[in-house]
Amino acid sequence: MLPPAARFGSGRLSRRHTLMLMLALEILVVGAYNADRYRRPGISVDVPATRGHVIV
């Protein structure tokens, strides 16, 4: 039987590592999707012509 350190070089991903990679990919996709949806805090009193500006 191989020592524990030699088993890691087999090139296979465990289920735990696969789930962690899937979670990281999901976080990247959801973060990129929501990146342009940021709203500055404040109450809009008047909507200016410039997008993203808020008059409070």
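A quick note: this is a predicted structure, and the numbers were derived from the prediction, not measured. In this chain, numbering begins with 1 at the start of the sequence shown. Keep in mind that the numbers below use all heavy atoms, side chains included, and drop hydrogens, waters and symmetry copies.
Screening V30, L25, V29, L23 against I27 for a side-chain contact (heavy atoms from CB on, under 4.5 Å) leaves a single residue, L23.
For R16, the side-chain contact (heavy atoms from CB on, under 4.5 Å) partners are S14, M20, not counting sequence neighbours. For the side-chain contact (heavy atoms from CB on, under 4.5 Å) test, residues two or more places apart in sequence or in another chain that qualify with L13 are H17, T18, L21.
Side-chain heavy-atom separations under 4.5 angstrom define the hydrophobic clusters, and Y33 shares its cluster with no other residue.
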